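What follows is a set of notes on a single structure, which appears directly below.
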Amino acid sequence: MPDLAVPATADALRAEGFADVGAAADVPPLEGRRATVDGRRVAVFRLPDGFAATDAACPHRGGPLSDGIVADDCVTCPLHNWRLNLRTGRVAGQDAAMPLHHVVERDGRLWVRLAGACDGHPAAGAPAARRATAAARA
């Protein structure tokens, strides 16, 4: 995803639609944590080179993605092993995708803006399959 100009202060982040979801230190390497942004449940992950966020429920059967195993830029749902790429939003081997939310670390805090929350967001310009959760069922 291309980088966006990110506001420098907490007030400016809030004005741009970001929500503080907690301390960056609370997300261990290669793990996820649940958060809520504007009433929507999200999962935030620490990757080797930064953070990623998507909706909290797996598109398969709603499994808790934040409890999944993270490896190779993907999270594997702990219920039925669906594998979501946290860089592209695509689900391996399925015609399904998840929205990717914008994550910023500022002064030790994590800030998340939901995909499509503003026109300039990378996920807002992505294919419709990335913006909407597919209704795939096995």
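None of the values given here were measured: they were computed from a predicted structure. We count residues from 1, following the sequence as given. Only heavy atoms go into these numbers, but all of them, side chains included; no hydrogens, no water, no symmetry mates.
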Next on the checklist: Is the shortest side-chain heavy-atom distance between Leu79 and Arg61 below 4.5 Å?
Outcome noted: no
Next on the checklist: Tell me every residue that passes side-chain contact (heavy atoms from CB on, under 4.5 Å) with Asp11, counting only those two or more places apart in sequence or in another chain.
Outcome noted: Thr9, Arg14
Checklist entry - How far apart are the closest heavy atoms of Ala57 and Arg41, and which atoms are they? => result CB-NH2, 4.1 Å
Report all side-chain donor-acceptor pairs from residues 64-76 shorter than 3.5 Å, counting only partners two or more places apart or in another chain.
{"unit_1": "Asp73", "atom_1": "OD1", "unit_2": "Arg87", "atom_2": "NH2", "d": "3.4"}
{"unit_1": "Asp73", "atom_1": "OD2", "unit_2": "Arg87", "atom_2": "NE", "d": "3.4"}

Checklist entry - For Pro59 and Val91, which heavy atoms make the closest approach, and how far apart are they? => result CG-CG2, 4.0 Å
Checklist entry - Distance from Asn85 atom CG to Leu100 atom CG, nearest 0.5 Å? => result 8.0 Å
Checklist entry - What is the distance from atom CG of Leu114 to atom CZ of Arg40, rounded to the nearest 0.5 Å? => result 5.0 Å
Item to check | His80 and His60 aromatic ring geometry - parallel, tilted or perpendicular at 30°/60° bounds | outcome: perpendicular
Hey, can you pull the donor-acceptor pairs under 3.5 Å for the side chains in residues 30-39, sequence neighbours left out?
{"unit_1": "Glu31", "atom_1": "OE1", "unit_2": "Arg33", "atom_2": "NH1", "d": "3.2"}
{"unit_1": "Glu31", "atom_1": "OE1", "unit_2": "Arg33", "atom_2": "NH2", "d": "3.3"}
{"unit_1": "Arg33", "atom_1": "NE", "unit_2": "Asp26", "atom_2": "O", "d": "3.3"}

Next on the checklist: Given 3.5 Å as the limit, does a donor-acceptor pair link the side chain of Arg83 with the main chain of Gly93, or not?
Outcome noted: no
Checklist entry - Considering all heavy atoms of both residues, which atom of Leu110 and which atom of Ala24 are nearest to each other, and what is their separation? => result CG-CA, 3.7 Å
Next on the checklist: If hydrophobic clusters are built from ILVMFWY residues whose side chains come within less than 4.5 Å, do Leu47 and Met98 share one?
Outcome noted: yes
Checklist entry - Between Gly89 and Leu84, which heavy-atom pair has the shortest distance, and what is it? => result O-CD1, 3.2 Å
